[in-house]
Novice: 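Attaching a single structure in structure tokens format; questions to follow.
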Amino acid sequence: QVQLVESGGGLVQAGDSLRLSCAASGRTFSNYAMGWFRQAPGKEREFVASINSRGAITQYADSVKGRFIVSRDNAKNTMYLQMSSLKPEDTAVYYCAVSPNNLPPITRASYIYWGQGTQVTVSS
């Protein structure tokens with residue numbers, strides 16, 4: 001079992017930056033690939049970014065490429081999402097998740113543990 005807690009969400013203006021954190025506890029954090037997803041009201045939960053267990057391989061949704069950076073600190077059992085040049089369409093609840101895959105997956109079905117989410121609201 002892995003427990004995940006997201007933090008760092010909030011209300012910002014378009015163009016601002018924000019850093020989300022995902023703190024993990026339970027099983028060995030460094031064994032797992034990790035990912036960020038988001039869900040806006042009335043929409044499906046969608047992939048944002050993912051990172052492999054060692055932090056060497058990352059993947060991004062086209063909508064955030066060049067603006068968001070995913071990273072992790074295995075010594076701190078924490079994954080991060082640095083978000084820059086935020087847009088109103090980035091408004092959503094952001095979730096972190098854990099996958100047993102070696103490569104960082106982009107599909108929801110590849111993830112087995114999920115956090116409760118943190119709200120990010122970007123005003124225009």
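In this chain, residues are counted from 1 in sequence order. These numbers come from a predicted model, not from an experiment.
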Novice: If Ile, Leu, Val, Met, Phe, Trp and Tyr residues are connected whenever their side-chain heavy atoms lie under 4.5 Å apart, and connections chain through other members, are Val93 and Val64 in the same group?
Specialist: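 The answer is no; the residues belong to distinct hydrophobic clusters.
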Novice: Provide the full list of side chain to side chain donor-acceptor pair (under 3.5 Å) pairs with a residue in residues 1-24, sequence neighbours left out, each pair given once.
Specialist: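 Residue pairs with at least one partner in residues 1-24: Gln3-Ser25.
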Novice: With rounding to the nearest 0.5 Å, note down the distance linking OH in Tyr32 to CG in Asn101.
Specialist: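 Taking OH in Tyr32 and CG in Asn101, the distance rounds to 11.5 Å.
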Novice: In chain order, what residues pass the side-chain contact (heavy atoms from CB on, under 4.5 Å) check against Asn74, with sequence neighbours excluded?
Specialist: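 If we apply the side-chain contact (heavy atoms from CB on, under 4.5 Å) test to Asn74, skipping adjacent residues, the hits are Phe29, Ser30, Arg72.
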Novice: Using the side chain to side chain donor-acceptor pair (under 3.5 Å) criterion, which residues pair with Thr121? Sequence neighbours excluded.
Specialist: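 Thr121: side chain to side chain donor-acceptor pair (under 3.5 Å) contacts with Gln119.
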Novice: Return the set of residues passing side chain to side chain donor-acceptor pair (under 3.5 Å) with Gln116 (not counting sequence neighbours), or none when no residue passes.
Specialist: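 In terms of side chain to side chain donor-acceptor pair (under 3.5 Å), with neighbours along the sequence ignored, Gln116 is linked to no residue.
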Novice: CE of Met79 to CD1 of Ile51: how many Å apart, nearest 0.5 Å?
Specialist: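 Interatomic distance, Met79 CE to Ile51 CD1, rounded to 0.5 Å: 8.0 Å.
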Novice: Sequence neighbours left out, what passes side chain to side chain donor-acceptor pair (under 3.5 Å) with Tyr94? Give chain and number order.
Specialist: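 If we apply the side chain to side chain donor-acceptor pair (under 3.5 Å) test to Tyr94, skipping adjacent residues, the hits are Arg38.
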Novice: Would you list the atom pairs, donor with acceptor, under 3.5 Å between side chains in residues 103-111 and any protein atom, with sequence neighbours excluded?
Specialist:
{"unit_1": "Thr107", "atom_1": "OG1", "unit_2": "Ser110", "atom_2": "OG", "d": "2.8"}
{"unit_1": "Tyr111", "atom_1": "OH", "unit_2": "Pro105", "atom_2": "O", "d": "2.6"}

Novice: Which pairs, with at least one residue in residues 21-98 and sequence neighbours excluded, count as a disulfide bond (SG atoms under 2.5 Å apart)?
Specialist: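 Sorted pair list: Cys22-Cys96.
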Novice: Between Leu4 and Met34, what is the shortest heavy-atom contact and its length?
Specialist: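 Nearest heavy atoms, Leu4 then Met34: CD2-CE, 4.1 Å.
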Novice: On a heavy-atom basis, which atom in Ala14 and which in Pro88 lie closest, and how many Å separate them?
Specialist: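 Looking at all heavy atoms of both residues, the closest pair is CB-CD, 4.2 Å.
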Novice: Hey, could you give me each pair passing disulfide bond (SG atoms under 2.5 Å apart) that has a residue in residues 34-73? Not counting sequence neighbours.
Specialist: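 Every pair satisfying disulfide bond (SG atoms under 2.5 Å apart) with a residue in residues 34-73: there are none.
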Novice: Please tell me whether Tyr113 and Tyr95 are part of a single hydrophobic cluster in this structure, the criterion being side-chain heavy atoms less than 4.5 Å apart.
Specialist: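 Tyr113 and Tyr95: separate clusters.
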Novice: Restricting to pairs with a member in residues 23-67, which pass disulfide bond (SG atoms under 2.5 Å apart), not counting sequence neighbours?
Specialist: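 Sorted pair list comes back empty.
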Novice: Between Asn52 (side chain only) and Ile57 (backbone N and O only), is there a donor and an acceptor less than 3.5 Å apart?
Specialist: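 Yes, Asn52 side chain to Ile57 backbone: donor-acceptor pair under 3.5 Å.
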Novice: Spell out, as yes or no, whether a donor-acceptor pair under 3.5 Å connects the side chain of Ser63 to the backbone of Ala61.
Specialist: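 No, because the side chain of Ser63 does not come within donor-acceptor range (under 3.5 Å) of the backbone of Ala61.
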Novice: Is there a donor-acceptor pair closer than 3.5 Å between any side-chain N or O of Thr91 and the backbone N or O of Val122?
Specialist: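 Judged by distance alone, yes, a pair lies under 3.5 Å.
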Novice: Which pairs, with at least one residue in residues 47-86 and sequence neighbours excluded, count as a ring-ring contact (aromatic ring centres under 6.0 Å, His included)?
Specialist: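 For residues 47-86, and leaving out neighbouring residues, the ring-ring contact (aromatic ring centres under 6.0 Å, His included) pairs sorted by first residue read Phe37-Phe47.
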Novice: Compare all side-chain heavy atoms of Pro100 with those of Ile112 and state whether any distance is below 4.5 angstrom.
Specialist: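 Of all side-chain heavy-atom pairs linking Ile112 with Pro100, at least one is under 4.5 Å.
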Novice: Do other residues, nucleotides or ligands put more than 12 heavy atoms under 6.0 Å from the CG atom of Asn102?
Specialist: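 At most 12 heavy atoms, drawn from other residues, nucleotides or ligands, come within 6.0 Å of this atom.
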Novice: Just to verify, what does Glu89 make a side-chain contact (heavy atoms from CB on, under 4.5 Å) with, not counting sequence neighbours?
Specialist: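 Residues passing side-chain contact (heavy atoms from CB on, under 4.5 Å) with Glu89: Lys87.
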Novice: Working to the nearest 0.5 Å, report the span between CH2 of Trp36 and CE of Met83.
Specialist: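 Between Trp36 CH2 and Met83 CE, I get 8.0 Å after rounding to 0.5 Å.
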Novice: What pairs of residues pass the salt bridge (charged side-chain N to carboxylate O under 4.0 Å, His left out) test when at least one of them lies in residues 50-68, not counting sequence neighbours?
Specialist: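 Those involving residues 50-68 are Asp62-Lys65, Arg67-Asp90.
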Novice: Test of understanding: clusters of I, L, V, M, F, W, Y form through side-chain heavy atoms closer than 4.5 Å, transitively. Do Trp114 and Leu81 belong to the same one?
Specialist: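 No.
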